[in-house]
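For reference, the structure is listed below as structure tokens.
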Amino acid sequence: MGVIAMDTATDTLAVGAGTSDGRLLSGVIQRVPRGHSRLLQPSVQFALASAGLAMRDVERIVTGVGPGSYTGVRMAVATAKAMGHALRVPVVAVPTVDAMARAAVLAETANGLPHRIVVMLNARRGRAFGACYTRSVDERFVRDCDIQVLPIASWLQVVGDGEDALIVHDLQRDWPMPTHVARSLTWGALSGLMPQALLELGKCPEYAVYTGDGLHALAPVYALLVEAEAKWQAASEGGST
């Protein structure tokens, strides 16, 4: 039996088909920032076919739930919910930043794993979605803060002088990394590992699993109000004082 995994929260559309124990059989990466809506379904079909699987073979779905692009993150979540309903299989919700951190671990294992990983996704206006991860005694990386939006400068200050840390980010090239940061990797360099990362995390018991009518409760992690909502909230708060 098979598993399908997908994420559309970043500029990279990632789809993977694999086994229930987290082994990747086929992966699709599409680096087309504005093409996720038309490429997701064909990518799912291609990944399944390349893995020798049919829709009836899918026993679990894993979806990245963000944070990230407001429009983008909803595509994978909506597709996963629809497939979960149609196939009557569970859907596992994995935060996109967790999967990015796992992709960094997969990439860096041969080079020596850092003590800490900081993941940042551009949220515009000098801000980034992000989270921090610390290596535990069993070599797993555990998220040690809430997924949130902070000024990019604040995220960079999380890394102390001389700390063995790795920053994973999708910031523009002209955004300078501070001199005290030992290592940084761009998401573009790591995104090819997203299908594997999602499949591996999708079998971890700490992530929420949605089934049956419970699928209605599956929602993206936005972490930031869209501009229209922020203006409405500001106007409401101003009117109540």
Side-chain angles (χ1 to χ4, degrees), residues 4-17 27-48 61-85 91-104 119-131 143 146-150 152 155 168-173 175 185-199 201-202 207-208 210 215-231:
I4 192 77
M6 65 191 78
D7 186 275
T8 56
T10 74
D11 282 353
T12 299
L13 180 154
V15 175
V28 178
I29 294 294
Q30 302 269 16
R31 295 187 178 92
V32 184
R34 300 184 183 277
H36 293 0
S37 60
R38 60 183 173 83
L39 293 172
L40 179 55
Q41 287 287 359
S43 296
V44 168
Q45 294 169 2
F46 180 84
L48 286 171
I61 299 166
V62 183
T63 181
V65 292
S69 163
Y70 181 79
T71 301
V73 69
R74 291 183 297 172
M75 294 176 190
V77 172
T79 299
K81 289 171 71 172
M83 290 179 62
H85 275 297
V91 177
V92 184
V94 175
T96 298
V97 288
D98 287 10
M100 292 173 67
R102 180 59 189 165
V119 175
M120 294 189 296
L121 269 174
N122 191 358
R124 300 182 181 180
R125 299 180 181 177
R127 302 167 300 179
F129 305 106
R143 180 162 22 98
D146 292 334
I147 298 171
Q148 56 190 310
V149 178
L150 292 174
I152 293 172
W155 283 117
V168 178
H169 68 91
D170 70 343
L171 306 179
Q172 298 298 317
R173 292 182 180 180
W175 190 276
L185 290 172
T186 65
W187 180 231
L190 289 177
S191 58
L193 293 168
M194 189 61 147
Q196 179 69 60
L198 287 167
L199 284 171
L201 295 183
Y207 293 111
Y210 299 84
L215 281 166
H216 295 297
L218 174 57
V221 176
Y222 291 120
L224 181 67
L225 294 175
V226 296
E227 187 172 1
E229 290 174 324
K231 289 181 177 178

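Computed from heavy atoms alone, side chains included, the values below leave out hydrogens, waters and symmetry copies.
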What is the minimum heavy-atom distance between [X] and [Y], and which atoms define it?
{"X": "V62", "Y": "L198", "answer": "CG1-O, 3.6 Å"}
{"X": "V77", "Y": "G64", "answer": "CG2-O, 3.8 Å"}
{"X": "A9", "Y": "G66", "answer": "CB-CA, 4.0 Å"}
{"X": "A17", "Y": "A47", "answer": "CB-O, 3.6 Å"}
{"X": "A123", "Y": "V149", "answer": "CB-CG1, 4.3 Å"}
{"X": "G16", "Y": "P195", "answer": "CA-CB, 3.8 Å"}

Does [X] reach the main-chain N or O of [Y] with its side chain, forming a donor-acceptor pair under 3.5 Å?
{"X": "H36", "Y": "T10", "answer": "yes"}
{"X": "T8", "Y": "G72", "answer": "yes"}
{"X": "W155", "Y": "A128", "answer": "yes"}
{"X": "D170", "Y": "N122", "answer": "yes"}
{"X": "D146", "Y": "Q148", "answer": "no"}

Are P67 and V97 side-chain neighbours, meaning at least one heavy-atom pair lies under 4.5 Å?
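Yes, their side chains come closer than 4.5 Å.
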Straight-line distance of [X] [atom1] to [Y] [atom2], nearest 0.5 Å:
{"X": "M100", "Y": "F129", "atom1": "CE", "atom2": "CZ", "answer": "11.5 Å"}
{"X": "R102", "Y": "L201", "atom1": "CZ", "atom2": "CG", "answer": "6.5 Å"}
{"X": "I4", "Y": "T79", "atom1": "CD1", "atom2": "OG1", "answer": "11.0 Å"}
{"X": "D11", "Y": "W187", "atom1": "CG", "atom2": "CH2", "answer": "11.0 Å"}
{"X": "T96", "Y": "M194", "atom1": "OG1", "atom2": "CE", "answer": "5.0 Å"}
{"X": "L48", "Y": "Q45", "atom1": "CG", "atom2": "CD", "answer": "8.5 Å"}

Run the numbers on Q41 and M75 for side chain to side chain contact (heavy atoms under 4.5 Å, CB included), then give the verdict.
CA-CA 10 Å; Q41 287 287 359; M75 294 176 190; over 6 Å; no
Among I152, T186, L121, find the residue that satisfies the side chain to side chain contact (heavy atoms under 4.5 Å, CB included) test when tested with L171.
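Of the listed options, the one satisfying the test is I152.
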Test side chain to side chain contact (heavy atoms under 4.5 Å, CB included) on L218 and V65 and set out the steps.
CA-CA 9 Å; L218 174 57; V65 292; 4.1 Å; yes
Near Y207 OH, under 6.0 Å, is it more than 12 heavy atoms from other residues, nucleotides or ligands?
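Yes.
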Is there a side chain to side chain contact (heavy atoms under 4.5 Å, CB included) between V15 and Q30 once you walk through the steps?
CA-CA 9 Å; V15 175; Q30 302 269 16; over 6 Å; no
Residues in side-chain contact (heavy atoms from CB on, under 4.5 Å) with A104, at least two apart?
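Residues passing side-chain contact (heavy atoms from CB on, under 4.5 Å) with A104: I117, L166, V168, L190.
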Mind checking side-chain contact (heavy atoms from CB on, under 4.5 Å) for R31 and listing every partner two or more places apart, or none if nothing turns up?
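R31: side-chain contact (heavy atoms from CB on, under 4.5 Å) contacts with T12, I29, S191.
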Determine, step by step, whether K81 and I61 satisfy the side chain to side chain contact (heavy atoms under 4.5 Å, CB included) criterion, reporting the C-alpha distance in whole Å, the side-chain angles of both residues, the deciding distance to 0.1 Å, and the verdict.
CA-CA 9 Å; K81 289 171 71 172; I61 299 166; over 6 Å; no
